[in-house]
Chemist: 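Take a look at this one; I'll ask things after.
Here is how names work: the chains are called A, B, and so on, in the same order as the sequence lines, proteins then strands, and each is numbered from 1. Here the structure is a predicted model, which is why all the values come from computation and not from measurement.
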Amino acid sequence: MAQKPSIPKGTRDFSPMEMMRRNYIFSTIKSVFQLYGYLPIETPAMENLSTLMGKYGEEGDRLLFKILNSGDFVAKIPEEKRNQLESKQIVRHISEKGLRYDLTVPFARYVVQHRNEISFPFKRYQIQPVWRADRPQKGRYREFFQCDVDVIGNKSLLSELELIQIIDDVFGKLEIPTLTKINNRKVLYGIAEYIGETEKFINLTVAIDKLDKIGIDKVLEELRNNGFSEKALDSVCEILEFNGNNEEKTNFLSDLLGNTETGKKGIEEIKTVLVYAKSVNLSYEPEFDLTLARGLNYYTGAIIEVIARDADMGSICGGGRYDDLTGIFGLPDVSGVGISFGADRIYDVMLEKNLFPEETQSGTQVLFVNFGEKEEKYCLPIVEKMRKAGISTELFPGAAKMKKQMTYANNKNIPFVILVGGNEMENGFFTIKNMLTGEQQQMNFDKMLKLVVS
RNA sequence: GUGCUUGUAGCUCAGUUGGUUAGAGCACCGGAUUGUGGUUCCGGGGGUCGUGGGUUCAAAUCCCAUCAUGCACCCCA
């Protein structure tokens, strides 16, 4: 062994057991998406950098994986920039493609490019990996899967409701207890209006978003450092410290933000969504959370975030409404709303809480032990019959030692092993061993089939 | 990009104030058992102690550098 092979930081291999479990998550999510009439699309792993840059803020640009151009790219760097080794300056000369950072921006690009083939509202889902050049840590990877559902080309708040229902269904099926928090960007903007700091709206949201992590004092301190007036801070403090149920919160804010232009709209929207949510059966009612802000700046209306109860994992699902995402690609006034399930974090939570059902962990149901050439030949048509009957069946490749074959079945969690040797061939029966109980009996094909199916 | 942590067998780790040939458990392979796994018993393979330099009679152990990893910040699924 010359050098131990390895994979890049923040990436992972998935072994069979993990893949079975991951596929269980993906297929559950997919089935729910389809139940609500969403259709799948895929987009390339790499996009033109021009599509990606500037869509996620300055921080986002830093976290984009950039792909080096082919050929002698150095020659294309203008003479005067050759000597200044500032990455920012030369990056656009040596890289024009990047790995996708999320699925929403590529989707917006897709919609603009295919606008004439699409009939709106367009409901799509997309399950693909995304890449971020972040420092990995718990629940954070450099390559991870997002499962996006979006509906675009429609302003109805019924779409927000639909997403809330999808969240409830998915986590219901996966049996993960969750807390769905919703807020509205317009409400946050309303707060900025109310305190007269609309210019610093972004700073305000970034600070508020940290409330449950760093506490009110540090949030206020951060705002103070950003130049917010003491009077503004008092108001922010008053709002953030308000406690109550959804209704009390909306009432409180209605009074407070009643005279603000955008805030008023936001309150109306969130009220509507909450009323909708009351009218359907949900396991967990969404909670109006004023401190939810979410970093992505393209959100303009509802914002949603889901966390797993009793798990320290950050959000496992999040999203919101964006009114003009396609505008930057030349198609204005197309409103959309969407959410993204973080499959990898969901996996981590389910693993931690032991939520994977037994049946996701087995593949092969029956293994035929291979005793030799004659026996092999005899078994092949039987194996074929088993598979035709829908039973996942293997014949051990080669007449390896019995111990080896049994160990193989054991390690692979195969519940039944069938032994066909001279005795069985002569008398036309099968010896079938239950690997769980160790019990062993002899029977004909039909009986065997029945036993395996049950 | 900033701060801290940890690098010893495939995996999880032990290894005393620096001192013989660096250990254990699990996993793997073989045997006890040529048609019986999971339990038991016996045996076996596997290590440039992350890498490079330094101190020393002597370094897994001390020092420096470097790389890798994990965690936290920033940000985020």
Side-chain angles (χ1 to χ4, degrees), chain A residues 1-12 15 25 29 56-64 87-88 100-104 127-148 202 205-207 209-210 213-214 218 222 293-297 304-308 312-320 338-349 367-372 375 396 399-425 431-440 442:
Chain A
M1 195 161 43
Q3 204 185 350
K4 271 192 203 171
S6 64
I7 54 175
K9 193 199 298 210
T11 65
R12 292 148 303 157
S15 296
I25 294 175
I29 289 175
Y56 310 103
E58 203 177 315
E59 184 70 13
D61 285 353
R62 189 169 68 81
L63 297 178
L64 278 171
S87 328
K88 263 192 191 161
R100 74 166 98 76
Y101 178 89
D102 71 357
L103 300 177
T104 309
I127 298 180
Q128 289 189 276
V130 303
W131 295 268
R132 294 181 190 178
D134 210 349
R135 286 265 180 100
Q137 48 189 282
K138 185 178 181 190
R140 179 183 296 189
Y141 306 98
R142 286 181 144 182
E143 178 185 62
F144 61 98
F145 273 74
Q146 289 192 325
C147 312
D148 271 35
I202 300 286
T205 59
V206 169
D209 199 34
K210 295 178 190 166
K213 220 175 197 176
I214 62 176
K218 292 218 166 153
E222 183 168 331
R294 295 189 60 77
L296 294 173
N297 289 323
I304 304 173
E305 194 163 286
V306 183
I307 58 169
D312 181 25
M313 187 48 73
S315 65
I316 53 177
C317 177
I339 51 171
S340 180
F341 290 80
D344 304 82
R345 283 188 179 179
I346 291 172
Y347 178 95
D348 290 347
V349 168
L367 174 76
F368 278 76
V369 169
N370 187 328
F371 283 112
E375 290 86 347
F396 196 90
K401 283 191 181 144
M402 186 71 160
K403 188 185 165 101
K404 168 88 183 154
Q405 301 195 38
M406 294 301 281
T407 306
Y408 175 81
N410 196 52
N411 289 346
K412 229 176 146 176
N413 276 325
I414 300 175
F416 295 104
V417 169
I418 290 167
L419 300 101
V420 184
N423 196 11
E424 283 84 353
M425 288 196 295
T431 300
I432 177 162
K433 174 164 181 149
N434 182 324
M435 291 296 279
L436 262 170
T437 61
E439 178 189 10
Q440 192 166 303
Q442 302 178 328

Chemist: For A:Leu419, which contact category applies under a 4.0 Å heavy-atom criterion: base, sugar-phosphate, or nothing?
Modeler: base
Chemist: Name the nucleic acid region contacted by A:Gly318, choosing base, sugar-phosphate or nothing; use a 4.0 angstrom heavy-atom cut-off, strictly under.
Modeler: nothing
Chemist: Roughly how many Å is it from CE in A:Met406 to C1' in B:U33, rounded to a whole number?
Modeler: 13 Å
Chemist: If you look at every strand shown and take non-hydrogen atoms under 4.0 Å, does A:Tyr408 touch a base, only sugar-phosphate, or nothing?
Modeler: nothing
Chemist: Look at the side chain of A:Lys403 against the base of B:U36 and say whether a donor-acceptor pair falls under 3.5 Å; ignore hydrogens and angles.
Modeler: no
Chemist: Using whole Å, what does the distance between atom C1' of nucleotide B:A77 and atom CG of A:Leu63 come to?
Modeler: 13 Å
Chemist: If you measure only the distance, is there a donor-acceptor pair under 3.5 Å linking the side chains of A:Glu424 and A:Thr431?
Modeler: yes
Chemist: Take the angle between the ring planes of A:Tyr56 and A:Tyr101 and call it parallel below 30°, perpendicular above 60°, tilted in between.
Modeler: tilted
Chemist: For A:Phe341 and B:A77, do the ring centres fall under 5.5 Å apart while the planes stay under 30° apart?
Modeler: no
Chemist: Please report the distance separating the C1' of B:A9 from the corresponding atom of B:A24, rounded so that it comes out in whole Å.
Modeler: 11 Å
Chemist: Which part of the nucleic acid, if any, lies within reach of A:Glu424 when heavy atoms closer than 4.0 Å are counted: base, sugar-phosphate only, or nothing?
Modeler: base
Chemist: Quick one: the side chain of A:Gln405 and the base of B:U36, do they pair up donor-acceptor inside 3.5 Å?
Modeler: no
Chemist: Sticking with atom P, work out how far B:A14 lies from B:G7, rounded to a whole angstrom.
Modeler: 8 Å
Chemist: Starting from the 5' end of RNA chain B, give me the residue, A:Thr437 or A:Gly139, whose nearest nucleotide shows up first.
Modeler: A:Thr437
Chemist: Can you measure A:Arg12 atom CZ to B:U69 atom P for me and round it to whole angstrom units?
Modeler: 14 Å
Chemist: Assign A:Gly60 to base, sugar-phosphate, or nothing according to its heavy-atom contacts below 4.0 angstrom with the strands shown.
Modeler: nothing
Chemist: Sort out the partner of B:C4 for me: Watson-Crick or G-U wobble, both distances under 3.5 Å, none otherwise.
Modeler: B:G70
Chemist: Once you round it to whole Å, what is the distance between C1' of B:C75 and CD of A:Glu222?
Modeler: 12 Å
Chemist: Is the distance from OP1 or OP2 of B:G31 to the nearest side-chain N or O of A:Lys401 less than 4.0 Å?
Modeler: yes
Chemist: Could you check whether A:Gln137 gets within reach of a base, just the sugar-phosphate, or nothing at all, counting any heavy atom under 4.0 Å?
Modeler: base
Chemist: Can you check the distance between B:G25 and B:C49, where both ends of the measurement are the P atom (answer in whole Å)?
Modeler: 22 Å
Chemist: Can you check the A:Asp61 CG to B:G1 P distance for me, whole Å?
Modeler: 15 Å
Chemist: Expressed in angstrom and rounded to an integer, what is the separation of A:Met402 atom CE from B:G38 atom P?
Modeler: 12 Å
Chemist: With sugar-phosphate meaning primed atoms plus P, OP1 and OP2, does A:Asn411 contact a base, only sugar-phosphate, or nothing at under 4.0 Å between heavy atoms?
Modeler: sugar-phosphate
Chemist: Hey, does A:Thr407 reach any base, or is it just sugar-phosphate, or nothing, if we go heavy atoms under 4.0 Å?
Modeler: sugar-phosphate
Chemist: Would you mind reporting whether A:Ile316 and A:Phe341 have side-chain heavy atoms less than 4.5 Å apart?
Modeler: no
Chemist: So does A:Gly139 get a backbone contact from the side chain of A:Arg345, meaning a donor-acceptor N/O pair under 3.5 Å?
Modeler: yes
Chemist: Taking only the P atom of each, what is the distance from B:A58 to B:G54 in whole angstrom?
Modeler: 12 Å
Chemist: To the nearest 0.5 angstrom, please state how far the CG atom of A:Asn423 sits from the CZ atom of A:Phe371.
Modeler: 10.5 Å
Chemist: Counting the atoms with a prime plus P, OP1 and OP2 as sugar-phosphate, which does A:Leu436 contact under 4.0 Å by heavy atoms, base, sugar-phosphate, or nothing?
Modeler: base
Chemist: Assess whether one donor atom and one acceptor atom, taken from the side chain of A:Arg140 and the base of B:C71, lie less than 3.5 Å apart.
Modeler: no
Chemist: When we call it a touch if two heavy atoms are under 4.0 Å apart, what does A:Gly314 touch: a base, just sugar-phosphate, or nothing?
Modeler: nothing
Chemist: From the set B:C76, B:G35, B:C74, return the single nucleotide nearest to any side-chain atom of A:Asn423.
Modeler: B:G35
Chemist: Going by purine N1 to pyrimidine N3 plus the second Watson-Crick contact, or the G-U wobble pair, all under 3.5 Å, which nucleotide sits opposite B:C26?
Modeler: B:G10
Chemist: Kindly indicate whether the side chain of A:Arg135 and the base of B:U2 share any N or O donor-acceptor pair separated by less than 3.5 Å?
Modeler: yes
Chemist: Of all the heavy-atom pairs spanning A:Phe144 and A:Asp344, show the shortest one and how long it is.
Modeler: CB-OD1, 3.2 Å
Chemist: Nearest to the side chain of A:Lys138 - B:C71, B:C75, B:G31?
Modeler: B:C71
Chemist: Rounded to the nearest Å, what distance is computed from the CG atom of residue A:Asn434 to the C1' atom of nucleotide B:G37?
Modeler: 12 Å
Chemist: Could you give the distance separating B:U2 and B:C64 at their C1' atoms, to the nearest angstrom?
Modeler: 23 Å
Chemist: Suppose you measure atom P in B:C4 against the same atom in B:C13; what distance do you get, rounded to whole Å?
Modeler: 23 Å
Chemist: Between B:U12 and B:C76, how far is it from one P atom to the other, in whole Å?
Modeler: 32 Å
Chemist: Reckon A:Lys9 touches a base, only the sugar-phosphate, or nothing at all at heavy-atom distances under 4.0 Å?
Modeler: sugar-phosphate
Chemist: Taking the same atom, C1', in B:C62 and in B:U17, what whole-Å distance lies between them?
Modeler: 12 Å
Chemist: Under the 3.5 angstrom rule, does the side chain of A:Asp148 hit a backbone N or O of A:Ser340 as a donor-acceptor pair?
Modeler: no
Chemist: CG of A:Asp134 versus P of B:C73: gap in Å, rounded?
Modeler: 12 Å
Chemist: Is there a side-chain contact between A:Arg100 and A:Trp131, using heavy atoms and a 4.5 Å cut-off?
Modeler: yes
Chemist: Considering only heavy atoms from C-beta outward, does the side chain of A:Gln146 approach that of A:Asp102 to under 4.5 Å?
Modeler: yes
Chemist: Look at the side-chain N and O atoms of A:Asn410 and state whether any lies under 4.0 Å from the OP1 or OP2 oxygen of B:U36.
Modeler: no
Chemist: Tell me which of A:Ser315 and A:Gln440 sits closer to the 5' end of RNA chain B, going by the nucleotide each one is nearest to.
Modeler: A:Gln440
Chemist: Would the base of B:G37 count as contacting A:Lys404 through its side chain, where contact means a donor and an acceptor less than 3.5 Å apart?
Modeler: no
